[in-house]
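In this chain, numbering begins with 1 at the start of the sequence shown.
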Amino acid sequence: MERIKQYDTYIFDLDGTLLNTLDDLMASVNYALRQYGMPEHSRDEIRRFVGNGVRLLMVRAVPQGDANPLFEEVFRTFREHYMVHSQDTTRPYEGIPELLAELKLRGKRMAVVSNKFYVATQELCHHFFADTIEVAIGEHEAEGIRKKPAPDTVYEALSQLGVGKEGAVYVGDSDVDLQTARNSGLPCISVLWGFRDRDFLINNGATAFAVTPLSILTDE
């Protein structure tokens with residue numbers, strides 16, 4: 001296992017890394033499915049579905065995915081419900097506010113890059129991390145800007161921060177985050193409190209792990 005080094009810029013994933021959003025996502029997914037008489041999903045199933053953006057979450061949740069003739073209606077219902085209820089139970093993981101405050105105190109630059117839709121990403125970061133996260137970028141609707149694992153939104157975050165890739169690190173909890181870091185040319189710290197476990201992350205190439213948020217501050 002690699003030692004965790006200190007960096008100048010930290011690009012964080014959101015869901016499963018900074019925020020535990022699972023129960024609110026599950027509630028909105030199952031609400032949308034209920035409206036159309038579709039079977040609901042357990043918390044563990046939703047955990048396996050997340051990580052590639054909300055559209056793919058719903059593709060996995062809806063029977064027959066986006067081939068289902070009702071898919072777009074179910075997806076719209078999910079989005080509408082989630083925008084109202086995205087903060088019902090969502091909270092930062094224990095130790096995250098302290099980590100971000102300490103990084104800011106040390107003069108580090110911080111951004112969030114998420115595959116959650118843009119407005120929700122902005123609202124959640126403003127609500128929970130207004131004093132620490134400088135830039136928050138969600139799934140982008142602008143033409144030519146691809147979502148993770150493409151590097152586009154990471155590059156946009158670095159550009160908005162006014163920094164380059166040198167001295168930057170990506171912090172996330174999933175295989176998509178590992179791919180995003182590789183595609184962006186950044187090292188990756190994989191967190192072990194999120195939606196994927198250590199064995200899964202190792203099997204997807206993870207080499208540096210944070211057991212707790214505050215362990216990101218150490219070199220051990």
Side-chain angles (χ1 to χ4, degrees), residues 9-29 32 46-47 49-59 75-93 96-97 99-100 103-104 109-163 168-181 183-184 186 188-189 191 193-196 213:
T9 304
Y10 290 76
I11 307 296
F12 291 97
D13 173 54
L14 187 61
D15 295 41
T17 300
L18 298 183
L19 293 178
N20 188 348
T21 57
L22 191 59
D23 288 336
D24 285 337
L25 287 169
M26 179 180 69
S28 291
V29 168
I46 298 296
R47 181 191 297 274
F49 294 167
V50 297
N52 298 85
V54 290
R55 185 176 181 87
L56 190 50
L57 164 63
M58 292 307 293
V59 168
F75 184 42
R76 184 181 67 251
T77 300
F78 161 81
R79 287 174 62 104
E80 291 171 353
H81 187 273
Y82 187 70
M83 286 306 301
V84 176
H85 296 280
S86 65
Q87 298 174 20
D88 286 1
T89 64
T90 289
R91 297 291 183 273
Y93 287 100
I96 287 295
L99 167 66
L100 299 184
L103 288 173
K104 181 178 180 179
R109 310 297 302 278
M110 290 175 282
V112 159
V113 169
S114 175
N115 272 347
K116 187 185 294 293
F117 37 90
Y118 205 101
V119 173
T121 301
Q122 292 269 316
E123 289 185 356
L124 286 167
C125 287
H126 179 74
H127 180 75
F128 289 109
F129 309 123
D131 294 334
T132 50
I133 295 296
E134 302 172 68
V135 171
I137 297 173
E139 185 173 350
H140 220 297
E141 296 180 356
E143 184 177 353
I145 298 182
R146 301 164 295 170
K147 69 178 184 178
K148 301 187 301 184
D152 303 33
T153 49
V154 172
Y155 293 161
E156 181 179 349
L158 292 171
S159 176
Q160 288 190 27
L161 288 172
V163 300
V169 66
Y170 190 98
V171 183
D173 74 305
S174 73
D175 53 327
V176 174
D177 294 318
L178 286 159
Q179 294 167 26
T180 301
N183 292 340
S184 304
L186 300 182
C188 186
I189 299 171
V191 307
W193 56 83
F195 298 159
R196 302 290 186 266

Chemist: Keeping Arg109 on the side-chain end and Val163 on the backbone end, is there a donor-acceptor pair under 3.5 Å?
Modeler: no
Chemist: Indicate whether the side chain of Thr89 and that of Asp23 have a donor and an acceptor atom separated by less than 3.5 Å.
Modeler: no
Chemist: Between atom CG of Leu19 and atom CG of Leu14, what is the distance when rounded to the nearest 0.5 Å?
Modeler: 4.5 Å
Chemist: Quick check against the 3.5 Å criterion: does Glu134 have a side-chain atom that pairs as donor or acceptor with the backbone of Ala111?
Modeler: no
Chemist: Could you go through the side chain to side chain contact (heavy atoms under 4.5 Å, CB included) check for Val50 and Asp15 one step at a time?
Modeler: CA-CA 9 Å; Val50 297; Asp15 295 41; over 6 Å; no
Chemist: Phe128 and Ile96: side chain to side chain contact (heavy atoms under 4.5 Å, CB included), yes or no, with the steps?
Modeler: CA-CA 10 Å; Phe128 289 109; Ile96 287 295; over 6 Å; no
Chemist: Measure the spacing between CZ of Arg79 and OG of Ser28 and express it to the nearest 0.5 Å.
Modeler: 12.0 Å
Chemist: Tell me the salt bridge (Lys or Arg N to Asp or Glu O under 4.0 Å) pairs involving residues 118-127, sequence neighbours left out?
Modeler: none
Chemist: So among Val171, Ile137, Val135, Leu158, which one has a side-chain contact (heavy atoms from CB on, under 4.5 Å) with Ile11?
Modeler: Leu158
Chemist: Find the distance between OH (Tyr10) and CG (Leu103) and round it off to the nearest 0.5 Å.
Modeler: 5.5 Å
Chemist: Quick check for you: to the nearest 0.5 Å, what is the distance between Leu57 atom CG and Ile46 atom CD1?
Modeler: 5.5 Å
Chemist: Mind listing the closest non-hydrogen atom pair of Asp13 and Leu18 along with its distance?
Modeler: O-CG, 3.6 Å
Chemist: Using modelled atom types and a 3.5 Å cut-off, is there a donor and acceptor pairing between side-chain atoms of Thr121 and backbone atoms of Lys116?
Modeler: yes
Chemist: Given 3.5 Å as the limit, does a donor-acceptor pair link the side chain of Lys148 with the main chain of Val176, or not?
Modeler: no
Chemist: Test Thr21 against Phe195 for side chain to side chain contact (heavy atoms under 4.5 Å, CB included), laying out the working first.
Modeler: CA-CA 10 Å; Thr21 57; Phe195 298 159; 3.9 Å; yes
Chemist: Quick one: closest heavy-atom pair of Ala157 and Val113, and the distance?
Modeler: CB-CG2, 3.7 Å
Chemist: With sequence neighbours left out, write down each residue that passes side chain to side chain donor-acceptor pair (under 3.5 Å) with His85, or none if nothing qualifies.
Modeler: Asp88
Chemist: Might you work through the side chain to side chain contact (heavy atoms under 4.5 Å, CB included) test for Val54 and Phe75, ending with a clear yes or no?
Modeler: CA-CA 9 Å; Val54 290; Phe75 184 42; 4.1 Å; yes
Chemist: From Asp131 CG over to His126 NE2, what is the distance, rounded to the nearest 0.5 angstrom?
Modeler: 9.5 Å
Chemist: Can you name the nearest heavy-atom pair linking Asp152 to Ile145, along with the distance?
Modeler: OD2-CA, 3.7 Å
Chemist: How many angstroms lie between CZ in Phe129 and CG in Leu100, if you round to the nearest 0.5 Å?
Modeler: 6.0 Å
Chemist: Would you call Arg91 and Asn20 a side-chain contact if the rule is heavy atoms closer than 4.5 Å?
Modeler: no
Chemist: Ignoring hydrogens and geometry, is there a side-chain-to-backbone donor-acceptor pair from Asp173 to Val191 under 3.5 Å?
Modeler: no
Chemist: For Trp193 versus Pro213, what's the shortest heavy-atom pair and its separation?
Modeler: CZ3-N, 3.3 Å
Chemist: Determine yes or no for a side-chain-to-main-chain donor-acceptor pair under 3.5 angstrom, with Arg196 supplying the side chain and Arg47 the backbone.
Modeler: yes
Chemist: Closest heavy-atom contact between Met83 and Val119?
Modeler: CE-CG1, 3.4 Å
Chemist: Less than 3.5 Å apart, any donor N or O on the side chain of Asp177 or Ser174 sitting next to an acceptor on the other?
Modeler: yes
Chemist: Specify the closest pair of heavy atoms between Thr180 and Tyr170, including all atoms of both residues, with the distance to one decimal.
Modeler: CG2-CE1, 3.9 Å
